[in-house]
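Data first, discussion second: the structure below is written as structure tokens.
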Amino acid sequence: MKKKYGVFDIIGPVMIGPSSSHTAGAAKLAKIARGIAGEEPVKVVFYLHGSFSKTYKGHGTDRALVAGVLGMDPADDQLKESLKLAKMKGMDIRFEEKDLGDVHPNTVRIDMTMADGREIRITGSSIGGGAVEITRIDDDDLQFSGNYPTLLITQRDVPGVVANVTNLLYEEGVNIAFMSLFRSQKGRDAMMMFELDQNVSTAMIDRLKKVPSVENVRFIPLSSNVINYPVL
Amino acid sequence: MNIKNGKELVRRCKEEGLSIGEFILKQEMEESGLSREEIYDRMLDNLRVMAFSTTKGVGEKVISVSGLIGGDAYRLGKYLESGKSVTGRTMVKAMSYALSCSEVNASMGKIVACPTAGACGILPAVIMTMKEEHQVEEKDLVMGLFASAGIGAIIAQNATISGAEGGCQAECGSAAAMAAAAVVEIMGGTPDMCLHAGAIVFKNTLGLVCDPIGGLVEVPCAKRNAAGAVSAMTAADMVLAGVQSRIPFDDTVTAMYSVGKLMPEALRETGIGGLAGTKTGKKLKKEIFGDKDGKSKNKMNDDTFDAEKTGE
């Protein structure tokens, strides 16, 4: 099927320049990564692959990535000052060039360490026009765009968890646009990913956390000012 | 967008008695499920960012992060004030606005990608010039943006708007075609005339390669934005005078796409061929990024910090 474009795919996004893929997409990726982490990290290492590693300074990819980790949108006026802001906060930041394997040319792995020592590794690609894809969280391969409010649930791989979770979403009137299920090994850790048409409430997230065998619930709300328009 | 091509767009506009802008807005409502107000206001937000990006570089010297470009919009603004222009007030203003957007973009300022960040100066320059030099009302400017979005969607769906895929003709060429159509609509032209203007722009930008120095969206991109704005306005004037394109719009889009496919990779945003490959182009690249060891007066490292250099 040929790609279809809505009017705001053509006139938009509003963004900090100079490049939709190297700047806006990078900021969006890092902001989603921070959303997955759930809090501001104290230490971040960005492993830059392919075109990202070759041209990142010229396109401000470094500033965009740090801005995203600080929670900024791709259109944030402060994006340009992100390196200074991170330094002021005492955030430990490093950039390294790395071959991440057979991935999109504009790919970055973001390794974050939280204040309590918790670590998380997130890999994503900037696939053009500011659009992105998260492809890996820690050791789990997955795929989501950040174009929808996204719910990530880790659980033990036992029967009934999916049914319980979807039932709760149904009760709150939340419609699921896309969903996927992954597991590392039968009966061990598993992960559910929902891309939703509506945001979920904090109360709902608390209820989801209480579902038997659910270990962790992360909700990534829609980032504003980016291409968040579903491609028509 | 569920409209296949320019021919279908003109037919549908005619059937429903709508301008392209009105038709596209209605189409977007149907396809997105959003209300007219929601869609209109979002486009109005884009117009407001355009008002900022077109004037920032005229009011003050905006210099790119690399230092490669900057201050040219300001120079044109001063020149405009002097009243000594060759092409007249409207053209000089449009050029200054286009340069301003490109400079704002390259300095990591806020812009609207339309259709891309690299070509972000053309449509805003033309729209804001129309506002000031022809006293066009805000709602008509917004409808002009919808018309240009429709043209852009047809180009993107049938060809490409990416420099990496089709060269500069796909980015600045498309932006100028979109802008030309918007001007014709704003000046009261028919949907058919809008497409003639788009076709004339493509005929005049066909074959334009994407050859940025050091891969940065600066040289020659900023001046190509200025040229794109001029090309859009001249095409609009021709069409408003009754001139038609012998090659229909849809065929020019096909031609642009096929020329893009024939372009070697070195001329498609790789920073290798064309101007990027010249002696000066290579020298500038080296000055900005340094040699392989990262030595030399590396402007890109000015405000970076030690953390970046630790690589263990």
Is it the side chain or the backbone of B:Ile155 that comes within 4.5 Å of chain A heavy atoms, both, or neither? neither
Based on non-hydrogen pairs under 4.5 Å, which of B:Val104, B:Asn105, B:Asn2, B:Ile24 is most in contact with chain A? B:Asn105
Okay, A:Ile16 and chain B: the region with an atom under 4.5 Å from a heavy atom over there is both
Report which part of B:Met43 has an atom under 4.5 Å of a heavy atom belonging to chain A: side chain, backbone, both, or neither. both
Given the options B:Ser162, B:Ala164, B:Ala156, which has more heavy-atom pairs under 4.5 Å with chain A than any of the others? B:Ala156
Side chains of A:Gln143 and A:Ser180: donor-acceptor distance under 3.5 Å anywhere? no
When heavy-atom pairs shorter than 4.5 Å are enumerated against chain A, which of B:Gly152, B:Ala106, B:Ala113 gives the highest number? B:Ala113
Give a yes or no on whether B:Lys285 atom NZ has more than 12 heavy-atom contacts from other residues, nucleotides or ligands under 6.0 Å away. no
Atom group of B:Ile151 that falls short of 4.5 Å from chain A, counting heavy atoms: neither
Salt bridge (charged side-chain N to carboxylate O under 4.0 Å, His left out): which pairs involve residues 40-50 of chain A, sequence neighbours left out? A:Arg34-A:Glu40, A:Glu40-A:Lys89
Ring centroids only, cut at 6.0 angstrom: are A:His22 and A:Phe52 within range, meaning strictly under it? yes
Please determine, among B:Val217, B:Asn46, B:Leu25, the option with the most heavy-atom pairs under 4.5 Å with chain A. B:Asn46
Distance only, no hydrogens: is a donor on one side chain within 3.5 Å (strictly under) of an acceptor on the other, for B:Ser19 and B:Glu185? yes
Answer yes or no on whether B:Arg12 is positioned over the face of B:Phe23, meaning its NZ or CZ is under 6.0 Å from the six-membered ring centre and within 45° of the axis. no
Residue selection (most heavy-atom pairs with chain A, distance under 4.5 Å) from B:Ser102, B:Ser64, B:Ala117: B:Ala117
Going by an N to O cut-off under 4.0 Å, is there a salt bridge joining B:Lys4 and B:Asp250? no
In terms of heavy-atom pairs under 4.5 Å, which option from B:Ser148, B:Ser107, B:Gly118 contacts chain A the most? B:Ser107
